[in-house]
Amino acid sequence: MRWYDEHRRRHLPWREEPGPYRTLVSEFMLQQTRVETALPFFQRFVDRFPDFASLAAAPLDEVLSLWAGLGYYSRARNLHASARAVVAAGSFPDTVEGLRALPGVGPYMAGAIASIALGQDVPTVDGNIARVLSRLHAFAGSRAKVWPLASLHVPPGRAGDHNQALMDLGSSICVPRKPACMICPLRTHCVAHAEGRPEAFPVLPPKRRAPRRRALAAVWRRGDTILLVRRPAEGLFGGLYDLPWTFDDHDAGPSALQRWLTEELGVPFEVGAQLGTVRHTLTHMRLELQLHVVEGEGEPRLRSFTAARWTDPAAPGELGLPTLARKALRMVIAKS
DNA sequence: AATACGGGGTG
DNA sequence: CACCCAGTATT
């Protein structure tokens, strides 16, 4: 804690003006996301939506548009729903159980917000804290089993600072590989360091390699624009705009795209030249999206998709586009 | 306990 | 290119 109080505390926008709203927004953004990545998104987000009321009043499309590029879009949907729940309830939850009931708030966030924004003496465990405590105790158990250890360390009255100090320590000194044990304030207490094997902890579950998946996308031109569709609310890139595309794992080729497109958009299509291939890696797959020019007559009708827009690929404007769609648009422009 | 769900970083 | 990082919901 002394390490944290004396100059090691990171200065972050959500720490300058702590409070339930900014803490909630920052924690949603920081799930699975590095501080440096989330920073510009946080600024834009709270500029546009400074409080619960403005966020709750906004249409989901606008929230997703600000989230576009940050990933894990269910977080944006859950944050929006949480803001509406807070406004409907008339107050911010004041217990861990109440926080846990907000959509998208799990055990880590509930503990983090209760300790940081509500000043309660509760522990929390994220990847950083799990790593620090696993090493401190040379503990080889899973993430879930670190919680009892975390409870042991919570100092009465300063749980919020304590939890943030552990996270800062984990992200700056007790890092996954080549931790800086020589300058670590916990060095003299750390069992893993004493045993000379800090990198042996934490013990992580084995990871499988993401399979490679092929997909076919349609570039349907009309004048200077191409067709973008809004994806279903749930699932991959849920609620965001995208080129229409479908998986083609069995390599069926253009005929598969033709059939799928006609079914999905309600008009007959012909599939033309291949524009190129966009590669994009997600957590659970490596996607190879092959772009094809298609020709169709009339206006699209909607089945799975929830909206369709003719859009200038060079100026998609406020449309919420995932990074994969942005890559695809860049290729469309390059081949124009 | 396993899987879906983005995107960015480093070597 | 390969490998690494990191919460929640769902099943």
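Numbered from 1 within each chain, the chains take letters A, B, ... in sequence-line order.
Atoms CG (A/N128) and P (C/dC4) sit 17 Å apart, rounded to a whole Å. Nucleotide C/dA6 holds its P atom 12 Å from the CE atom of A/M167, rounded to whole Å. One can place CG of A/L287 at 12 Å from P of B/dG6, the figure rounded to the nearest angstrom. A straight line from CD of A/E199 to P of C/dC4 spans 12 Å, rounded to a whole angstrom. One interatomic measurement links the two molecules: CZ of A/R75 to C1' of C/dT10, which rounds to 18 Å at whole-angstrom precision. For the pair A/L79 CG and C/dT8 C1', the interatomic distance rounds to 14 Å; values are reported in whole Å. If you take CZ of A/R279 and C1' of B/dG8, they are 19 Å apart, rounded to a whole angstrom. A straight line from CG of A/L236 to P of C/dA9 spans 19 Å, rounded to a whole angstrom.
Closest approach of A/R230 to A/T306, counting heavy atoms only: NE-OG1, 2.8 Å. Contact between A/D248 and A/A252 at its shortest, heavy atoms only, is OD1-N, 2.7 Å. The heavy-atom pair separating A/A56 from A/H80 by the smallest distance is O-NE2, 4.1 Å. Pairing each heavy atom of A/F201 with each of A/A140, the nearest pair is CE2-N, 4.0 Å. Among all heavy-atom pairs drawn from A/I173 and A/C184, the shortest one is CG2-CB, 3.8 Å.
More than 12 heavy atoms of other residues, nucleotides or ligands sit less than 6.0 Å from atom CG of A/D51. The local environment of CD in A/E295 is sparse, with at most 12 non-hydrogen atoms from other residues, nucleotides or ligands closer than 6.0 Å. In A/E16, the CD atom is crowded: over 12 heavy atoms of neighbouring residues, nucleotides or ligands sit closer than 6.0 Å.
Looking at heavy-atom distances under 4.0 Å, A/Y72 makes contact with a base. A/T283 comes within 4.0 angstrom of a base, heavy atoms only. Residue contacts shown for A/G235 are limited to sugar-phosphate atoms, with no base heavy atom under 4.0 Å away.
The 5' end of DNA chain C is approached more closely, in terms of each residue's nearest nucleotide, by A/T281 than by the other of A/D126 and A/T281. With DNA chain B read from its 5' end, the first of the two nearest nucleotides for A/S142 and A/M285 is the one closest to A/S142. Of the residues near DNA chain B, A/K145 and A/G238, the one whose nearest nucleotide (by heavy atom distance) lies more toward the 5' end is A/K145.
A distance of about 16 Å separates the P atoms of C/dA6 and B/dG11, rounded to the whole Å. Comparing the P positions of C/dT8 and B/dG9 gives an interatomic distance of 23 Å, to the nearest angstrom. C/dC3 sits 23 Å from B/dG6 when the P atoms are compared, rounded to a whole Å. Here, B/dC5 and C/dC5 have their P atoms 23 Å apart, quoted to the whole Å.
Counting only heavy atoms from C-beta on, A/R131 has its side chain closest to C/dC5 among C/dC4, C/dG7, C/dC5. Residue A/P107 places its side chain closer to C/dT8 than to any other of C/dT8, C/dC5, B/dG6.
The side chain of A/R177 places no N or O atom within less than 4.0 Å of a non-bridging phosphate oxygen (OP1 or OP2) of C/dC5. Side-chain N/O atoms of A/N78 include none lying less than 4.0 angstrom from OP1 or OP2 on C/dT8. Neither OP1 nor OP2 of C/dC3 sits under 4.0 Å from any side-chain N or O of A/R286. Distances shown here put a side-chain N or O of A/H280 below 4.0 Å from the OP1 or OP2 atom of B/dG7. Contact between the side-chain N/O atoms of A/H284 and the OP1/OP2 oxygens of B/dT3 is not found at any separation under 4.0 Å.
Looking only at distances, a side-chain donor or acceptor of A/R22 sits under 3.5 Å from a matching main-chain atom of A/P13.
A salt bridge links A/R213 with A/D249; the closest basic N to acidic carboxylate O contact falls under 4.0 Å.
Here the CD atom belonging to A/E27 is positioned 6.0 Å from the CG atom belonging to A/L30, to the nearest 0.5 angstrom.
Within residues 25-46 of chain A, the residues that place at least one heavy atom under 4.0 Å from DNA chain C are, in residue-number order, A/Q31, A/Q32, A/R34. Near-neighbour residues of DNA chain C inside residues 206-216 of chain A, defined by a heavy atom below 4.0 Å, number-ordered: A/K207, A/R209.
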